[in-house]
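Let me begin by presenting the structure, written as structure tokens, before commenting on it.
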Amino acid sequence: MSEKNVILGITGASGSILAQRFLETARCDIHLVISSNAGTVIEYETGRKEDDFKKLAKHVYDDRDVAARISSGSFIFDSMVIMPCSMNTLAKISSGIADSLITRAASVALKERRRLILVPREMPLSQIAIENMLRLTQAGAIIAPAMPAFYTNPKSVDDMVDFMVGRVMDLCGLENALVKRWREEERD
Ligand SMILES: Cc1cc2nc3c(=O)[nH]c(=O)nc-3n(C[C@H](O)[C@H](O)[C@H](O)COP(=O)(O)O)c2cc1C
């Protein structure tokens, strides 16, 4: 059976470790695009270079290349995930701006009614950000904020990261062992 095709956009919000974990563990073909502002955050937060992230993906595209394969509605993919998603990218997508490959591919996902999962990270949220998220939800996107759960009794940042990344994989329909599921022991 062929692997699922997932587009992963990484933007300049805090939380590069979420994208790193997804790249390391997702069982799918990843089409990766990193925004020009994400590199600084990746280096600052993970100590890795943007190129280290690129080595983990099967396909890599330049965010300035709005003519790349994934910019067209004719490219078939299962899900697009933007993780972490900056308020800047979120605002652009919610207003229909498609001036980079990430925002173009996201606009395509919306028009083609494909699964678009945005993982914003910001705190607190302005009214503008909340309204942008509402607009995107109404347009069919899934807003999955980078919010850890505490009922899983996480012991480390890695535990929290795994929970959030695993839940995003759930939304993509990707099997994963990252999520510690509620009352898992009752499963028969
Ligand atoms: C270390 C660092 C952390 C940042 N964290 C966030 C964040 O959590 N959320 C956010 O919306 N923007 C954050 N920003 C600001 C974005 O990087 C900035 O708005 C940028 O223009 C986003 O561009 P992009 O959407 O093209 O990636 C951060 C910037 C830096 C340098």
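Counting convention: from 1, in listed order, for ligands and their atoms alike.
In this structure, Arg69 is not positioned above the aromatic face of Tyr61 in the sense of NZ or CZ being under 6.0 Å from the six-membered ring centre and within 45° of the axis.
Ligand-side atoms of ligand 1 in range of Ser14: 4 (C), 5 (N), 6 (C), 7 (C), 8 (O), range being under 4.0 angstrom from any heavy atom. Residue Met87 approaches ligand 1 through these ligand atoms, each under 4.0 Å from one of its heavy atoms: 10 (C), 11 (O).
Put simply, atom 15 (C) of ligand 1 has protein non-hydrogen atoms near it, under 4.0 Å away.
For ligand 1, none of its N or O atoms has an N or O atom of Val41 under 3.5 Å away. Close N/O approach between Ala13 and ligand 1 is not found [any backbone or side-chain N/O within under 3.5 Å]. Between Thr11 and ligand 1, no pair of N/O atoms sits closer than 3.5 Å.
Scanning both residues, Thr11 and Pro84, for their nearest heavy atoms gives OG1-O, 2.7 Å. The nearest pair of heavy atoms linking Ala57 to Leu32 is CB-CB, 3.6 Å. For the residue pair Ile82 and Ala106, the shortest heavy atom distance occurs at CD1-CB, 4.2 Å. The two residues His59 and His31 make their nearest non-hydrogen contact at CD2-CE1, 3.2 Å. In terms of heavy atoms, Asp78 sits closest to Lys4 at OD2-CA, 3.2 Å. Across all non-hydrogen atoms, the minimal contact from Val119 to Ala146 is CG1-N, 3.8 Å.
Atom 28 (C) of ligand 1 has as its closest protein heavy atom Gly12 O, 3.2 Å. At the shortest separation from atom 23 (O) of ligand 1 among protein heavy atoms lies Asn37 ND2, 2.9 Å. When hydrogens are left out, the protein atom nearest atom 19 (O) of ligand 1 is Asn88 CB, 4.1 Å; that is the closest non-hydrogen contact.
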Inset, instruction - Evaluate the side chain to side chain contact (heavy atoms under 4.5 Å, CB included) criterion for residues Arg64 and Leu101: first the C-alpha distance (whole Å), next the side-chain angles of each, then the deciding distance (0.1 Å), finally the verdict. - result: CA-CA 6 Å; Arg64 291 163 300 184; Leu101 186 55; over 6 Å; no

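Heavy atoms of Ser35 found under 4.0 angstrom from ligand 1 belong exclusively to the side chain. Residue contacts with ligand 1, taken as heavy atom pairs separated by less than 4.0 Å, involve Thr89 via backbone and side-chain atoms alike.
Selection from Arg121, Lys92, Glu45 by nearest heavy atom to atom 8 (O) of ligand 1 gives Arg121.
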